[in-house]
Amino acid sequence: MNETITPVRGWNARLTEERPAPADGEWQRLRRTIKRHTPVLAFYGALKLIGFVSFMWLLDSAGNYRTRNPRFGGGAHPWDVLATWDGWWYQQIAVHGYHPELVRIPGATGMITLEGNSAAFFPLYPALIRLTSELTGLGSYGAGLLVSVLASFAAALGIYAVAAQLLDSRAGLAAAGLWAVWPGSGVEWAVYSDSLFVALAAWACHAVLTRRWLTAGLLTCAAGLNRPTAAALIAAVAVAALFALRDRRDGIVRPLAAMAMAPLGLLAYLGWVGHRMGDYGGYFKLQSGAWAHKWDYGKQTLDVLTSIPVGKTSYLFAWPFADLISACVVLLGFALLPLLLRLRPPAVLIVYTVLTVALVLGSQQIFSNVSRYLLPLFPLFLPLAAALRRLSLAHLFTLLGIAALASGSYAGYALFELGVP
């Protein structure tokens, strides 16, 4: 993780280049930006649409969504499933606000002793749903879906920008395409906060790579208002800022400001929840007692990974088919991580990736969710993107298009219909 190691293909030169903006009007710069980014957005959108149509076709073919509770996977139309499970909670917060409290279940003696409530879900995404609803007149479902879709395109551009900064534009295009078909990508176009988080994380990392420290701090602060795993991003920005201070690259004020701003969002929300609950450890007690989500040093993950190969489903919250996919995603992550490290990327990407993996796999949770929780690991796209950039555009789209068809099953149907997203 030492930034003084010389990366492959002249990455250091790319990271330190600072060219002055062309001396022309805003309109010309806007046209160049649109021309540069439109192919990326079209590429991502086409692949995502292939997977989405495949997902909807599978749901319609199954047909049983009509008989299920609208809160937990049902509805009058196949696409209603996109606003169920966590999406139901986000809509409730957007419409009714928070009601944080620690309420014990009467007579409960097992592991889950508290009632679930809205405080488990971070505020930025439902706030944007509420704002979008008021501006457009859409209901909470339509507004949430619009926010997620727009955020997914912003994330695709951020991932492209990171990969293009470190490799080249063709690798950036491949990385954006991988974001469309990655396991767990079914939630990118759903009433879920994942696309928004990845957009913030990717652009925060890009801001660090281009030494825009205040932007990195602000984006990381916003990410802390969106998901608790922003702790990994906060640590990554802090480490990168410490390296910058050590090397005296960007002065003192801007890296220190980024370090100071980065954790404010996460700390503010956890502090507010604790204050409202009358217990400053309330958020973590809620996660453990109501949602069975707690830090267990990887015990649950190890239990699942050793049970699935021998056909056992006696572990906590078993969803066999979705769990099998999640186990494959974990193994894929373990395979790609050393390939990423071999490329010697900047410290911000290494710290962010390693800590995200540790936070996800070191926690007890519904294991079928792991393929979604690992969705923010966009730095793992870099080794694959470095290989895929050798393909022609037609071959690249064909290969990822086939993966997009498959993603309708493994990233959509398996999560929403056969598991718990």
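For the numbers below, each heavy atom of this structure counts, side chains included, while hydrogens, waters and symmetry mates do not.
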| said: Is it the case that the side chains of Ser392 and His395 hold a donor-acceptor pair, with the cut-off being a distance below 3.5 Å and no angle test? | reply: yes
| Pairs involving residues 205-237, ordered by first then second residue, that meet ring pair (Phe, Tyr, Trp, His ring centres under 6.0 Å) (sequence neighbours left out) | Trp203-His206
| note | Interatomic distance, CH2@Trp189 vs NZ@Lys48, rounded to 0.5 Å, equals 7.0 Å
| message | Return the OG to CD1 distance between Ser326 and Ile366, rounded to the nearest 0.5 Å. | response | 11.0 Å
| remark: For Ser133 and Leu138, the nearest pair of non-hydrogen atoms, with its separation, is OG-O, 2.5 Å
| message | Looking at Trp57, I want to see if its CH2 is surrounded by more than 12 non-hydrogen atoms of other residues, nucleotides or ligands under 6.0 Å. | response | no
| request: State the CG-CG distance between Leu375 and Leu380, to the nearest 0.5 angstrom. | output: 11.0 Å
| request: Would you indicate whether the side-chain heavy atoms of Arg390 and Leu396 approach each other to under 4.5 Å? | output: no
| query | Below 4.5 Å, heavy atoms only, C-beta onward: do Gln300 and Val304 meet side chain to side chain? | reply | yes
| said: Tell me if the aromatic rings of Tyr98 and Trp272 count as close, with their centers under 6.0 Å from one another. | reply: yes
| task | Take His99 and Asn117 through the side chain to side chain contact (heavy atoms under 4.5 Å, CB included) test and state the conclusion after the steps. | result | CA-CA 7 Å; His99 301 283; Asn117 72 60; over 6 Å; no
| remark: The residue among Val354, Val208, Leu341, Leu382 that forms side-chain contact (heavy atoms from CB on, under 4.5 Å) with Leu349 is Leu382
| task | In sequence, state the C-alpha distance, the side-chain angles, and the governing distance for Leu374 and Leu377, and then conclude on side chain to side chain contact (heavy atoms under 4.5 Å, CB included). | result | CA-CA 6 Å; Leu374 294 179; Leu377 293 178; 3.7 Å; yes
| field | N-O pairing of Asp168 and Arg170 below 4.0 Å | value | no
| query | Going from CG on Leu305 to CG on Leu331, what distance comes out if it is rounded to the nearest 0.5 angstrom? | reply | 6.5 Å
| Of all residues at least two apart in sequence or in a different chain, which pass the salt bridge (Lys or Arg N to Asp or Glu O under 4.0 Å) check with Lys285? | Asp279
| Does Ser314 have any side-chain hydrogen bond (donor to acceptor under 3.5 Å, both in side chains) partners at least two apart in sequence or in another chain, and if so, which? | none
| task | Determine the minimum heavy-atom distance between Leu233 and Ala201, stating which atoms define it. | result | CD2-CA, 3.8 Å
| field | Student check: side-chain heavy atoms of Val198 and Ile159 closer than 4.5 Å | value | yes
| request: Would you mind reporting whether Ile129 and Val191 have side-chain heavy atoms less than 4.5 Å apart? | output: yes
| Under 4.5 Å between any side-chain heavy atoms of Ser195 and Trp179, yes or no? | yes
| field | Close side-chain approach of Pro345 and Ile350, heavy atoms under 4.5 Å | value | yes
| field | Any side-chain heavy-atom pair of Leu339 and Leu336 under 4.5 Å | value | yes
| query | Have Glu188 and Tyr44 got a donor and an acceptor in their side chains that come within less than 3.5 Å? | reply | yes
| said: Please check: side-chain N/O of Arg276 versus main-chain N/O of Val273, any donor-acceptor pairing under 3.5 Å? | reply: no
| query | Should Leu124 and Leu200 be marked as a side chain to side chain contact (heavy atoms under 4.5 Å, CB included) after you check the CA-CA gap, both sets of side-chain angles, and the distance that decides it? | reply | CA-CA 11 Å; Leu124 181 60; Leu200 292 169; 3.8 Å; yes
| Is there side-chain contact between Thr313 and Ser307, with heavy atoms separated by less than 4.5 Å? | no
| query | Tell me the ring pair (Phe, Tyr, Trp, His ring centres under 6.0 Å) pairs involving residues 367-386, sequence neighbours left out? | reply | Trp182-Phe381, Tyr352-Phe378
| note | So CG of Leu361 and OG1 of Thr356: to nearest 0.5 Å the spacing works out to 10.5 Å
| message | Could you report the tightest heavy-atom contact between Ala202 and Val162, atom names first, then the distance? | response | O-CG2, 3.6 Å
| query | If you look at every heavy atom in Ala94 and Pro126, which pair is closest and at what distance? | reply | CB-O, 3.6 Å
| Under a 4.0 Å N-O cut-off, is there an ion pair linking Arg372 with Asp86? | yes
| said: As an exercise, state the distance from OG1 of Thr220 to CE of Met261, rounded to the nearest 0.5 Å. | reply: 8.5 Å
| task | List the steps, then state whether side chain to side chain contact (heavy atoms under 4.5 Å, CB included) holds for Leu128 with Leu196. | result | CA-CA 10 Å; Leu128 290 177; Leu196 179 59; 3.7 Å; yes
| ring pair (Phe, Tyr, Trp, His ring centres under 6.0 Å) contacts touching residues 120-149 (sequence neighbours left out) | Trp89-Phe121, Tyr90-Phe121, Tyr90-Tyr125, Phe121-Trp291, Phe122-Tyr269, Phe122-Tyr283
| task | Looking only at non-hydrogen atoms, find the nearest pair between Leu355 and Ala232 and report the distance. | result | CB-CB, 3.7 Å
| query | Around His96, counting heavy atoms of other residues, nucleotides and ligands shown, do more than 12 lie under 6.0 Å from its NE2? | reply | yes
Atom pairs and distances, side-chain donor-acceptor, residues 222-230, under 3.5 Å, sequence neighbours left out:
unit_1	atom_1	unit_2	atom_2	d
Asn226	ND2	Ser193	O	3.2
Arg227	NH1	Ser193	OG	3.1

| message | Are Phe317 and Trp319 an aromatic pair, judged by ring center distance below 6.0 Å? | response | no
| query | Taking the inter-plane angle between the rings of Phe52 and Phe55 on a 0 to 90° scale, is it parallel (under 30°), tilted (30 to 60°) or perpendicular (over 60°)? | reply | perpendicular
| task | Would you name the heavy atoms of Pro383 and Leu340 that are closest together and state the gap between them? | result | CG-N, 3.5 Å
